[in-house]
Amino acid sequence: DGGITQSPKYLFRKEGQNVTLSCEQNLNHDAMYWYRQDPGQGLRLIYYSQIVNDFQKGDIAEGYSVSREKKESFPLTVTSAQKNPTAFYLCASSIGPGRAYNEQFFGPGTRLTVL
Amino acid sequence: GNSVTQMEGPVTLSEEAFLTINCTYTATGYPSLFWYVQYPGEGLQLLLKATKADDKGSNKGFEATYRKETTSFHLEKGSVQVSDSAVYFCALTTGNQFYFGTGTSLTVIP
């Protein structure tokens, strides 16, 4: 089955630690995205990548970092500089910019809790 | 700039009631429009989409029509079920980024 996987589903972090959230897709999509969702709120864009080895900051990139070394993988690192990292993190992919039927497909999410 | 405004919730309906969730947008160019649904603790799933003016997207009894003249994409369903309880997001893309509304929580009671 084609789709997007995120791991782990639940993640606990101590203050001052960096953690990395995994996102893998086998849809052969060029573009990948990371969003943050807080309770009762919409999605806020952290980073996005339209092609391998390239990525752009979204609206709330401070305290986060990403890499895009492979087309199918787009890991997100939540660093100790992120002041309030407890949230639900969603990864998404789409076929690529400027393409017809360019909808986003979402993974199941990772819930990060800082202890 | 690009943005999506959708009806604030929460919305509570009885089973078999008619549902409307309003969505209006601002966009440069010619956006594609989407409705996504999110069940508790899960990611977003595409519910329906429309790629040009006057297109009607439909799925699982839900419908929405792309109205360019009113810049709207309202979600409707004629008879909701308890299983429709979820959060619904309106979204648009003009090719590069995606823009989401803040979501509308729907609870359907038996």
Side-chain angles (χ1 to χ4, degrees), chain A residues 3-10 21 23 25 27 29-51 54-61 87-113, chain B residues 1-11 21 23-25 27-52 55 57-59 64 66 73 86-107:
Chain A
I4 302 177
T5 57
Q6 292 186 242
S7 61
K9 188 168 178 63
Y10 299 97
L21 283 59
C23 177
Q25 55 98 359
L27 300 167
H29 285 171
D30 285 323
M32 297 186 74
Y33 310 78
W34 274 106
Y35 294 93
R36 170 180 171 142
Q37 187 177 30
D38 293 285
Q41 298 193 24
L43 280 65
R44 291 188 288 170
L45 182 63
I46 304 173
Y47 270 97
Y48 65 103
S49 167
Q50 295 179 340
I51 197 167
D54 187 45
F55 48 82
Q56 286 78 43
K57 293 181 178 180
D59 300 321
I60 56 165
F88 190 52
Y89 290 86
L90 287 163
C91 180
S93 72
S94 68
I95 193 168
R99 308 278 198 95
Y101 311 113
N102 192 22
E103 68 236 39
Q104 279 189 327
F105 295 80
F106 283 82
T110 292
R111 186 165 300 280
L112 173 63
T113 303
Chain B
N2 300 319
S3 67
V4 175
T5 302
Q6 67 180 99
M7 180 173 142
E8 296 238 354
V11 174
I21 301 178
C23 172
T24 57
Y25 67 89
T28 53
Y30 302 94
S32 294
L33 303 174
F34 309 92
W35 277 101
Y36 285 86
V37 59
Q38 185 180 33
Y39 299 101
E42 298 184 7
L44 277 67
Q45 301 173 26
L46 180 66
L47 181 59
L48 53 84
K49 63 185 179 187
T51 58
K52 61 183 187 298
D55 269 2
S58 61
N59 186 27
Y66 189 142
F73 193 54
V87 180
Y88 293 82
F89 291 90
C90 185
L92 71 84
T93 184
T94 54
N96 291 338
Q97 290 193 42
F98 289 75
Y99 300 86
F100 288 84
T102 53
T104 301
S105 175
L106 170 66
T107 300

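Chain A is the first sequence line, chain B the second, and so forth, proteins listed ahead of strands; every chain is numbered from 1.
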> Does anything in residues 31-39 of chain A get under 4.5 Å of chain B by heavy atoms, and if so which residues?
Replying inline: A:Tyr33, A:Tyr35, A:Gln37
>> If you compare all heavy atoms of A:Gly42 against all heavy atoms of B:Phe89, which two are closest, and at what distance to 0.1 Å?
In response: CA-CE2, 3.9 Å
> How far apart are the closest heavy atoms of A:Phe106 and B:Leu44, and which atoms are they?
Replying inline: CB-O, 3.3 Å
> Looking at OG1 of B:Thr102 and CZ of A:Arg44, how far apart are the two atoms once the value is rounded to the nearest 0.5 Å?
Replying inline: 12.5 Å
>> What part of A:Gln50 gets within 4.5 angstrom of chain B, counting heavy atoms only: side chain, backbone, both, or neither?
In response: side chain
>> Between B:Gln38 and chain A, with a heavy-atom cut-off of 4.5 Å, which part of the residue counts as in contact: side chain, backbone, both or neither?
In response: side chain
>> Could you report the tightest heavy-atom contact between B:Phe98 and A:Ser94, atom names first, then the distance?
In response: CE1-OG, 4.0 Å
>> Would you say that more than 12 heavy atoms from the other residues, nucleotides or ligands in this model lie under 6.0 Å from the CD of A:Gln41, or not?
In response: yes
> Is it the side chain or the backbone of A:Ile4 that comes within 4.5 Å of chain B heavy atoms, both, or neither?
Replying inline: neither
> Quick one: what part of B:Tyr99 sits under 4.5 Å from any heavy atom of chain A, side chain, backbone, both or neither?
Replying inline: neither
> Which value, rounded to the nearest 0.5 Å, describes the distance between B:Phe34 atom CZ and A:Gln104 atom CD?
Replying inline: 8.0 Å
> Taking atom OH of B:Tyr39 as the centre, does the number of heavy atoms from other residues, nucleotides or ligands within less than 6.0 Å exceed 12?
Replying inline: yes
